[in-house]
Amino acid sequence: MRKIEHIGIAVKSIKNSNLVFEKLFGKPHYKIEEVASENVNTSFYKMGQSKIELLEATDPESPIAKFIEKRGEGIHHIAFDVKDIHAEMKRLEDEGFRLINEKPKQGADNKLVCFLHPKSTNGILIELCQEINDD
Ligand code: ZN
């Protein structure tokens, strides 16, 4: 793993939260993107080498809606940048970590992603992401 790619924060409303985070960071978000595969809308802020990702559910069945229902708004996951997501998934699986998806999925912001189950990582939902076209 090379760096913290982003930290994902579950919010009830991207629109309202953008107002808060734009004030907090002193700059606007640089993109809003819907990720249909996860039923979420996302909004991104650049923070040096890393990013903050706000996540809003677009459907009551979305994992974000369920997370907020159970735990309220707040930090949802930490994403790490990896060079080769297939190799890293294999390495972590061999180390005994539980992968939530068996194959990388198309994530937001031009990434292939895979999540690790929080039960195998001390309660932290971890996302691996590999930039598509990163060589
Ligand atoms: Zn993420």
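Ligands are counted one by one from 1 in listed order, and the atoms in each one are counted from 1 as well.
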Closer than 2.8 Å to the Zn ion (ligand 1), do we get an N, O or S atom from H77, backbone or side chain? yes
Measuring to the Zn ion (ligand 1), does H6 have an N/O/S atom at a distance below 2.8 Å? yes
Of all N, O or S atoms in E127, identify the one at the shortest distance from the Zn ion (ligand 1). OE1
Should the pair Y30 and F44 be assigned to parallel (<30°), tilted (30 to 60°) or perpendicular (>60°) ring geometry? tilted
Flag yes if I4 and L128 sit in one hydrophobic cluster, no otherwise; membership is Ile, Leu, Val, Met, Phe, Trp, Tyr, and two members link when side-chain heavy atoms are under 4.5 Å apart. yes
Restricting E53 to its N/O/S atoms, the closest one to the Zn ion (ligand 1) is OE1
A side-chain contact here means heavy atoms from C-beta on lying under 4.5 Å apart; do I9 and E73 qualify? no
Looking at K111 and E127, is any side-chain nitrogen of the basic one under 4.0 Å from a carboxylate oxygen of the acidic one? no
